[in-house]
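Before any comments, here is the structure.
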2 protein chains.
Amino acid sequence: MDKKLGKSARVGIRDVAAAAGVSPTTVSHALSGARAINPATRARVLEVAQELGYSPDLRARGLRSSRTFTVGLLSDTIAVTPYAGLIISGAQDAAAEHQSVVLALDSTGDPQRELLGIRTLLDHRVDGLVYARMSHQSVNVPKELGEIPVVLANASSPDLKFSSVVPDEKQIGLDATGHLLSFGHQRVGFATVNENVPSALGREEGYRSAMRAAGIAVNEAWVCAKTGDAAGGREAGRLILDREDRPTAIFCFNDEIAMGVYQAANDLGLRIPEDLSVIGVDDLQLITQALVPTLSTIALPHYQMGHWAVSQLFTQATAQNGARIAEKLRCHLVQRESVKAPRS
Amino acid sequence: MDKKLGKSARVGIRDVAAAAGVSPTTVSHALSGARAINPATRARVLEVAQELGYSPDLRARGLRSSRTFTVGLLSDTIAVTPYAGLIISGAQDAAAEHQSVVLALDSTGDPQRELLGIRTLLDHRVDGLVYARMSHQSVNVPKELGEIPVVLANASSPDLKFSSVVPDEKQIGLDATGHLLSFGHQRVGFATVNENVPSALGREEGYRSAMRAAGIAVNEAWVCAKTGDAAGGREAGRLILDREDRPTAIFCFNDEIAMGVYQAANDLGLRIPEDLSVIGVDDLQLITQALVPTLSTIALPHYQMGHWAVSQLFTQATAQNGARIAEKLRCHLVQRESVKAPRS
DNA sequence: GTGAAAGCGCTAACAG
DNA sequence: CTGTTAGCGCTTTCAC
């Protein structure tokens, strides 16, 4: 009424207060529910706010209550896969459940950029931070992050100070191999990557455990570690398959390798799934749905990890128990057409 | 000195001021460079700030200067492709050039969620907003966005109020077809999608223009529109290739269709590139690098669109010229192994 | 159940 | 070149 200066300034809490005939304090509480308000007053305030198109200024709110309703997400994205999008998506959804949003930044793996990113996120006073990796790995959390709550996604750290969430790699190996065994396969191969990363280690451990549990001795000629792309899969596939006592099924470290194994099988005149069953890991639909036959696979839980990490951030903020937890997410099997009982 | 209450509260501008023996105002200006400061004072202030580990509170800054250094990015992501990540990545980089960050939200195509997202972004007082689509389409910008600067990415709008950036679809058709023609192909087919979207329309127009310009009559049996995935590509490929006067080259609407065409060719005993040249669009490395032979393609500029959109947002904010511009980005050819001169 | 006053951390006016 | 004062929009004391 008195403060209409020139153009219609944004409607603020006091405009609502004036229009509703109450004090700004009451409006604040009516909106936030932070203290008891006469239901009638409250209803009127809400109505007026709606009418005036009031939109709370989260900056101002945060300035006073020292929360920004913003969580940071720092990743090392190199965007050839949909993983980044999935983790971010999961993080967003979890954040939304707490009226918050996600400020995502990627470092491109460059430590300098990462530091800059951290600084930026800190300047924006994010309420917490998810430190994420696109492929499962062990990381050292930059010490600049000491000031705020941090949760690791798709990464683990020797530092027990942080909660973390990763796929249960061994279980992946167990499930994938078990799936093949359950169809009656005895000679099951493993096409993996030649890197010492948790995923390779864990999946191989699962593979060997499953075989052992089934009473089958692994023939080392069935196991081959090359690069983690289709070329590596072709190479591994050729080595594993081009022999008399070839396996009747191959567990592939990922879908790209599986695609390479398809190609190798095709070159050798082997038909999938009649002559060879194949299972991958990742569930990259661009691959799994496009191959003929479509590829059975273990889906990696990127969305879930993003979601879990942010949820955990809020849990830690609320409960003062301070319990840090290292979560391993069970991954689920997506059955398609590439696995079938062996001929024999 | 006097305000050390309990624990070390965050160091603020006045702590720096006290330590450097100047006023908060001077510190503010020393940091922002908004007005001339004695170089010596400035240096001292900066040093002290560094020493104390001062980190500006962007909320407070924004509250006063009515900028948040935050831009919103609203998309319809369904994350099976890396596109979302790429657009966001480009947007982030452009934002960083203006000391800003990106608040990304996706609506999953749900109008209700979209509205909620808009409200959230507005409450966070983003300085501007990129309205993005993962696949090129025409959109109507929700009227709730009337209040702030908006730029469209990978989308165009009948409403000329908005700047927009899209791939130059016709040019893609021209370049892809031209590339095949330049190798001496005369019979060039086109495997596309059966949808009335700008990409399909534009690429077909480019294809036909290029053929016309080369003086070649398009045989309609060479053109086939099915779904935009590998299955569609297989179907189209079979129809186009299973005939005597088959084309010697096929321009595919996207890489997935191209993958399907590979499969169809394989089924028919046709070798690529000896018997058939293939070119795609998208440059999804998961596919282009994995196929044998590797797939030549026209790369879609998702990163660049994200970058352009955010840059344009800042340009519009600065220059008051208010000129809205509809940008078409030229896409570049990525040559790999799937194109070769025809046998004949 | 409600209000008045103070202030979050910063920058924009207005001095000098 | 520098300092003082006021206030961004909200929530939080503290009062009634």
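In this text, all values refer to a predicted model and were calculated from it rather than measured experimentally. Reminder, nothing fancy here: chain letters follow the sequence lines and each chain counts from 1. What you see below is based on every heavy atom in this structure, not just the backbone, and it leaves out hydrogens, waters and symmetry mates.
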**Request:** Send over the distance from Arg67(A) CZ to dC10(D) C1', rounded to a whole Å.
**Result:**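 Computing the Arg67(A):CZ to dC10(D):C1' distance gives 15 Å.
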**Prompt:** If each of Leu31(A) and Gly21(B) is mapped to the nucleotide of DNA chain D with the nearest heavy atom, which maps nearer the 5' terminus, i.e. the 5' end?
**Reply:**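 The residue whose closest nucleotide sits nearer the 5' end is Gly21(B).
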Write down the protein N/O and nucleotide N/O pairs, taken from nucleotides 12-16 of chain D, whose separation is under 3.5 Å; answer none if there are no such pairs.
from	atom 1	to	atom 2	distance (Å)
dT12(D)	O4	Thr25(A)	OG1	3.4

Does [X] come within less than 4.0 Å of [Y], counting only side-chain N to carboxylate O?
X	Y	value
Asp123(A)	Arg59(B)	no
Arg10(A)	Asp15(A)	no
Arg113(B)	Asp76(B)	no

**Prompt:** Base, sugar-phosphate, or nothing for Ser66(A), non-hydrogen atoms under 4.0 angstrom?
**Reply:**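 Ser66(A): no heavy atom of the nucleic acid under 4.0 Å.
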**Asked** Of Val27(B) and Ala60(A), whose nearest nucleotide on DNA chain C comes first from the 5' end?
**Response**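 Upstream on the strand: Ala60(A).
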Residue [X], side-chain heavy atoms: nucleotide from [options] that is nearest:
X	options	value
Ser23(A)	dA4(C), dC10(C), dG3(D)	dA4(C)
Arg61(A)	dC10(D), dT2(D), dT11(C)	dC10(D)
Thr26(B)	dC10(D), dC10(C), dT2(D)	dT2(D)
Ile37(B)	dT2(D), dG9(D), dG1(C)	dT2(D)

**side-chain contact (heavy atoms from CB on, under 4.5 Å) between Leu63(B) and Asp57(A), worked out** = CA-CA 9 Å; Leu63(B) 194 54; Asp57(A) 187 324; 4.1 Å; yes
**Item:** Pairing residues for Glu114(B) by the salt bridge (charged side-chain N to carboxylate O under 4.0 Å, His left out) criterion, not counting sequence neighbours
**Value:**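 Applying salt bridge (charged side-chain N to carboxylate O under 4.0 Å, His left out) to Glu114(B) gives Arg133(B).
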**Asked** Is it true that the side chains of Ser23(B) and Thr26(B) contain a donor and an acceptor less than 3.5 Å apart?
**Response**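 The criterion, which ignores hydrogens and geometry beyond distance, is satisfied for Thr26(B) and Ser23(B).
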**Asked** Would Ser164(B) and Glu327(B) count as a side-chain contact (heavy atoms from CB on, under 4.5 Å) if you check the C-alpha gap in whole Å, the side-chain angles of each, and the deciding distance to 0.1 Å?
**Response** CA-CA 6 Å; Ser164(B) 65; Glu327(B) 177 80 358; over 6 Å; no
**Message:** When you compare the side chain of Gln92(A) with that of Val101(A), does any pair of heavy atoms fall below 4.5 Å?
**Reply:**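 A side-chain contact under 4.5 Å is absent here.
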**Prompt:** What does the inter-axis angle of the helix from dG1(C)-dC16(D) to dG16(C)-dC1(D) come out as, five pairs per end, nearest 10 degrees?
**Reply:**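 Nearest ten degrees gives 30° for this helix.
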